[in-house]
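Heads up, the thing below is written out as structure tokens.
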Amino acid sequence: MKEILPKYGVELCEIPRKEIDGEPISASLVRKHLEDKNWDEIKKIVPDTTYSFLEKKYK
């Protein structure tokens, strides 16, 4: 996208991925914690609004 969008006049601002202990937070990591029902770890790595959504949907 960084190469294609500017050709069409679209400015791209890349935001660095949030990290915990030097490791990027990924959807895969969140899904793994959901699978393991590791709610304490999920709470540490996602915003409160995301945690509330996941809690309502999966807990």
Side-chain angles (χ1 to χ4, degrees):
M1 289 192 134
K2 286 194 296 188
E3 296 171 13
I4 295 170
L5 291 177
K7 293 177 186 175
Y8 295 94
V10 177
E11 184 178 345
L12 180 78
C13 177
E14 188 173 358
I15 300 169
R17 187 179 284 196
K18 186 175 176 184
E19 296 182 353
I20 298 288
D21 298 329
E23 292 292 319
I25 297 171
S26 67
S28 299
L29 178 61
V30 175
R31 284 192 297 270
K32 175 72 173 128
H33 287 317
L34 277 172
E35 185 180 299
D36 296 340
K37 300 188 185 326
N38 196 343
W39 292 98
D40 291 335
E41 289 302 313
I42 295 169
K43 183 125 179 105
K44 291 179 190 176
I45 63 174
V46 300
D48 291 339
T49 53
T50 302
Y51 181 83
S52 294
F53 172 82
L54 294 172
E55 189 177 37
K56 286 176 187 170
K57 185 164 179 152
Y58 297 105
K59 204 168 184 183

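What's counted below: heavy atoms across the whole structure, side chains too, no hydrogens, waters or symmetry copies. Note that this is a predicted model, so its numbers are computed, not measured.
- No more than 12 heavy atoms of other residues, nucleotides or ligands lie within 6.0 Å of CD in E3, so this atom counts as exposed by the packing criterion.
- When atom types are taken as modelled, the side chain of S52 and the backbone of D48 share a donor-acceptor pair closer than 3.5 angstrom.
- Atoms CZ and CD1, on R31 and I42 in that order, are 12.0 Å from each other to the nearest 0.5 Å.
- Between the CD1 atom of I25 and the CD1 atom of I45 there is a distance of 5.5 Å, given to the nearest 0.5 Å.
- To the nearest 0.5 Å, the span separating CD on E19 from CD on E23 amounts to 7.5 Å.
- At most 12 heavy atoms of other shown residues, nucleotides or ligands fall within 6.0 angstrom of atom NZ in K2.
- Interatomic distance, F53 CZ to Y58 OH, rounded to the nearest 0.5 Å: 6.5 Å.
- No option in N38, D40, L54 other than N38 meets the side-chain contact (heavy atoms from CB on, under 4.5 Å) test with H33.
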**Asked** What do the steps show when you test K37 against W39 for side chain to side chain contact (heavy atoms under 4.5 Å, CB included), and what is the final call?
**Response** CA-CA 6 Å; K37 300 188 185 326; W39 292 98; 4.2 Å; yes
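- Atom NZ of K56 is separated from atom OH of Y51 by 12.0 Å, given to the nearest 0.5 angstrom.
- Taking NZ of K44 as the reference point, atom CG of D21 lies at 8.5 Å (rounded to 0.5 Å).
- With a 6.0 Å radius and a threshold of 12 heavy atoms from other residues, nucleotides or ligands, I4 has its CD1 atom at or below the threshold.
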